[in-house]
Student: 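After the structure tokens below, expect a handful of questions from me.
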Amino acid sequence: MLHRRSFLKHVGYAAVCSCCSLNGARAADAVPLVCTELALPDYKLALEIAIDENLANDPAKENVTASEAISLYKKKWNPDRRILNVSFLTEPKYLQKVITQAQGWESYIGLKFRFGNSSPDVLVAFDEGGSWSFVGTDSRYYAQRGRPSMNFGWFDDATEEEEFRRTTLHEFGHALSLVHEHSHPSGDISWKKQAVYDYYAKQGWTPPDVDQQVFAKYQLSQVNGSAYDPTSIMHYPIAKELVSNQADVVGWNTKLSKLDQEVISKLYPSNDRGLPSREVAL
């Protein structure tokens with residue numbers, strides 16, 4: 001059985017993610033591809049790393065139980081850090097396109113991404129197959145051990161700009177601690193459960209897998225935002241065949257929504273104290 005937010009699903013030989021899927025994967029008879037929010041399976045270690053990075057991540061400060069330490073808003077980077085180091089295991093010809101699209105977040109946050117060879121907080125690979133990312137401060141654990149914390153698996157020189165934007169913004173959203181919007185506790189989606197089970201069975205998922213990865217929701221204390229936002233860059237597309245209320249259909253979101261911008265601005269507010277940019281000692 002898959003474990004919520006801590007698995008990497010394989011179809012054939014390739015790990016896959018698809019909140020930002022290949023154009024060819026949109027066909028009705030295509031194998032569905034599902035984005036994986038990866039997380040450290042050892043929540044105590046994840047909590048230790050999160051608190052080391054940002055004391056505000058300590059659940060004790062808000063009377064949050066230890067079992068909720070894996071909540072994603074408790075994996076937020078230190079907002080005083082201002083620099084997040086991003087390194088690449090390889091440098092494909094289209095690398096600058098990825099960098100440019102990732103910087104789309106910077107207009108709304110006090111953090112800046114520093115791309116290049118450094119002690120990485122986020123380590124990006126371009127291995128064929130899926131696109132995925134660890135969430136928030138979990139990225140640091142893998143990146144500083146030379147293991148990718150993020151992967152882009154289907155980009156090539158022919159990839160359209162929209163695909164670069166959609167996929168890159170989504171995966172860097174995970175790295176900034178954002179989670180999948182369809183799991184929002186206020187997202188009352190009218191799923192046709194049997195249709196959803198059948199749909200994801202094409203990928204080899206069992207009904208319990210689908211229960212965990214599609215139907216399960218976070219508690220309100222575990223999410224970064226406020227209202228449910230079907231226009232979020234972090235939302236799964238939802239086909240009309242999978243819901244009974246057509247108002248719940250979600251298309252392919254390709255840019256940051258207004259609420260995405262508002263939420264991320266609150267998580268990482270711009271620093272207006274006139275201090276120089278600096279790194280937080282790790």
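Small disclaimer: the values here were computed from a predicted structure and weren't measured.
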Student: Rounded to the nearest 0.5 Å, what separation is found between the NE2 atom of His170 and the OG1 atom of Thr168?
Tutor: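 Reported to 0.5 Å precision, the distance equals 11.0 Å.
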Student: Any donor and acceptor pair, going by atom type alone, linking the side chain of Arg165 with main-chain N or O of Lys255 inside 3.5 Å?
Tutor: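 Not at all, since once roles are kept as given, no pair shorter than 3.5 Å links the two residues.
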Student: Are the side chain of Ser232 and the backbone N or O of Met234 linked by a donor-acceptor pair below 3.5 Å?
Tutor: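 It does hold such a pair.
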Student: For the side chain of Trp77 and the backbone of Asn54, is there at least one donor-acceptor N/O pair under 3.5 Å apart?
Tutor: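 Not a single qualifying donor-acceptor pair exists.
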Student: Can you check whether Phe215 reaches Val210 side chain to side chain, under 4.5 Å on heavy atoms?
Tutor: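 Counting from C-beta outward, Phe215 and Val210 do come under 4.5 Å.
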Student: Output the distance between atom CG (Leu84) and atom CH2 (Trp105), rounded to the nearest 0.5 Å.
Tutor: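 Between Leu84 CG and Trp105 CH2, I get 13.0 Å after rounding to 0.5 Å.
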Student: Phe172 and Phe113: aromatic ring centres closer than 6.0 Å?
Tutor: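 That pair passes the under 6.0 Å test.
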Student: Between the side chain of Ser87 and the main-chain N/O of Gly116, is any donor-acceptor distance below 3.5 Å?
Tutor: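 Side chain of Ser87 to backbone of Gly116, a donor-acceptor pair under 3.5 Å: yes, one is there.
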Student: When you measure from the side chain of Asp209 to the backbone of Thr206, do you find a donor-acceptor pair of N or O atoms at a distance under 3.5 Å?
Tutor: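 Yes, the answer is positive, given that a donor and an acceptor are paired below the 3.5 Å cut-off.
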Student: Check Ser133 against Ala175 and note the closest heavy-atom contact, atom names and distance.
Tutor: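 Looking at all heavy atoms of both residues, the shortest contact is OG-N, 3.7 Å.
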Student: Give a yes or no answer on whether the side chain of Asp121 reaches the backbone of Ser139 with a donor-acceptor pair at less than 3.5 Å.
Tutor: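 It does not hold such a pair.
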Student: Please name the pair of heavy atoms, one in Pro79 and one in Tyr268, separated by the smallest distance, quoted to 0.1 Å.
Tutor: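 Scanning both residues completely, I find the closest heavy atoms to be CA-CD2, 4.3 Å.
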Student: Quick one: do Leu178 and Leu267 satisfy side-chain contact (heavy atoms from CB on, under 4.5 Å)? Show the steps, please.
Tutor: CA-CA 10 Å; Leu178 298 182; Leu267 288 176; 4.0 Å; yes
Student: Without swapping roles, check the side chain of Tyr94 against the backbone of Thr159 for a donor-acceptor pair under 3.5 Å.
Tutor: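 No, Tyr94 side chain to Thr159 backbone: no donor-acceptor pair under 3.5 Å.
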Student: Verify, without hydrogens or angle tests, whether Asp248 (side chain) and Ser190 (backbone) share a donor-acceptor contact under 3.5 angstrom.
Tutor: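 Checked: pair present.
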Student: For the backbone of Ala39 and the side chain of Asp138, can you confirm whether one donor and one acceptor N or O come within less than 3.5 Å of each other?
Tutor: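 Such a contact is absent between Asp138 side chain and Ala39 backbone.
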Student: Identify, with sequence neighbours excluded, every residue that meets side-chain hydrogen bond (donor to acceptor under 3.5 Å, both in side chains) alongside Asp157.
Tutor: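 Per chain and number, Asp157 pairs via side-chain hydrogen bond (donor to acceptor under 3.5 Å, both in side chains) with no residue.
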Student: Ignoring hydrogens and angles, tell me if any N or O in the side chain of Gln101 forms a donor-acceptor pair with the backbone of Arg166 under 3.5 Å.
Tutor: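 Not at all, since once roles are kept as given, no pair shorter than 3.5 Å links the two residues.
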Student: What pair of heavy atoms forms the shortest contact from Asn78 to Asp80, and how long is it?
Tutor: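 Nearest heavy atoms, Asn78 then Asp80: OD1-N, 2.9 Å.
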Student: Supply the atom-to-atom distance Tyr108 OH to Lys266 NZ, rounded to the nearest 0.5 angstrom.
Tutor: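 Result: 15.5 Å between the selected atoms.
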Student: State, yes or no, whether a side-chain contact exists between Tyr197 and Trp191 at a heavy-atom distance under 4.5 Å.
Tutor: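 The answer is no; the side chains never approach within 4.5 Å.
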Student: Under a 4.5 Å cut-off applied to non-hydrogen side-chain atoms, are Phe115 and Leu95 in contact?
Tutor: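 No, side chains not in contact.
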Student: To the nearest 0.5 Å, what is the distance between CD (Glu171) and CD1 (Ile233)?
Tutor: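 If we round to the nearest 0.5 Å, Glu171:CD and Ile233:CD1 are 10.0 Å apart.
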Student: With sequence neighbours excluded, tell me which residues meet salt bridge (charged side-chain N to carboxylate O under 4.0 Å, His left out) with Asp260.
Tutor: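 Scan of Asp260 (salt bridge (charged side-chain N to carboxylate O under 4.0 Å, His left out), adjacent residues dropped) gives none.
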Student: Just so I know, are the side chains of Arg81 and Glu53 near enough to count as touching, which here means a heavy-atom distance under 4.5 Å?
Tutor: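 Yes, side chains in contact.
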Student: Can you pull the salt bridge (Lys or Arg N to Asp or Glu O under 4.0 Å) pairs that have at least one residue in residues 186-196, sequence neighbours excluded?
Tutor: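 Qualifying pairs, neighbours excluded: none.
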Student: Would you say the side chain of Ile264 lies within less than 4.5 Å of the side chain of Leu176, judging by non-hydrogen atoms?
Tutor: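 In contact.
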Student: So do the side chains of Phe134 and Leu40 get within less than 4.5 Å of each other, counting heavy atoms only?
Tutor: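 A side-chain contact is absent here, since even the closest heavy-atom pair is not under 4.5 Å.
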Student: Sequence neighbours left out, what passes side-chain contact (heavy atoms from CB on, under 4.5 Å) with Leu89? Give chain and number order.
Tutor: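 Expected list: Leu123, Ala125, Pro148.
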Student: Test: salt bridge (Lys or Arg N to Asp or Glu O under 4.0 Å). Region: residues 93-106. Which pairs qualify, not counting sequence neighbours?
Tutor: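 Non-adjacent pairs meeting salt bridge (Lys or Arg N to Asp or Glu O under 4.0 Å): Lys97-Glu161.
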Student: Could you tell me whether the side chains of Trp154 and Glu163 share a donor-acceptor contact shorter than 3.5 Å?
Tutor: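 Note: Trp154 and Glu163 side chains meet the donor-acceptor criterion.
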Student: Counting only heavy atoms from other residues, nucleotides and ligands, does the tally under 6.0 Å from CG of Asn117 exceed 12?
Tutor: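 For Asn117, atom CG is not crowded (no more than 12 foreign heavy atoms under 6.0 Å).
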Student: As an exercise, state the distance from CG of Asp52 to CG of Leu47, rounded to the nearest 0.5 Å.
Tutor: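 One finds 11.0 Å between CG of Asp52 and CG of Leu47.
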Student: Provide the closest heavy-atom pair for His184 versus Lys217 in the form atom of the first, atom of the second, distance.
Tutor: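 Scanning both residues, the minimum pair turns out to be O-CD, 3.6 Å.
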Student: Tell me whether the rings of Phe164 and Phe155 are parallel (<30°), tilted (30 to 60°) or perpendicular (>60°).
Tutor: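 Tilted.
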Student: Within the 4.5 Å heavy-atom criterion, are Leu242 and Tyr236 side-chain neighbours or not?
Tutor: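 Contact flag for Leu242/Tyr236 side chains = no.
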Student: Less than 4.5 Å apart, side chain to side chain, heavy atoms only: is that true for Val243 and Val249?
Tutor: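 Yes, side chains in contact.
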Student: Is it the case that the ring center of Tyr228 lies less than 6.0 angstrom away from the ring center of His235?
Tutor: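 Close enough - the centres of the two rings lie under 6.0 Å apart.
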Student: Kindly give the heavy-atom pair with the smallest separation between Val86 and Val124, and that separation in Å.
Tutor: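 Of all heavy-atom pairs spanning Val86 and Val124, the closest is CG1-CG2, 3.9 Å.
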Student: Sequence neighbours left out, what passes side-chain hydrogen bond (donor to acceptor under 3.5 Å, both in side chains) with Asp229? Give chain and number order.
Tutor: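 By the side-chain hydrogen bond (donor to acceptor under 3.5 Å, both in side chains) rule, Asp229 matches Thr231, Ser257.
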Student: Where is the tightest heavy-atom contact between His182 and Ile189, given as atom of each residue plus distance?
Tutor: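 Where His182 meets Ile189 most closely, the heavy atoms are O-CD1, 4.0 Å.
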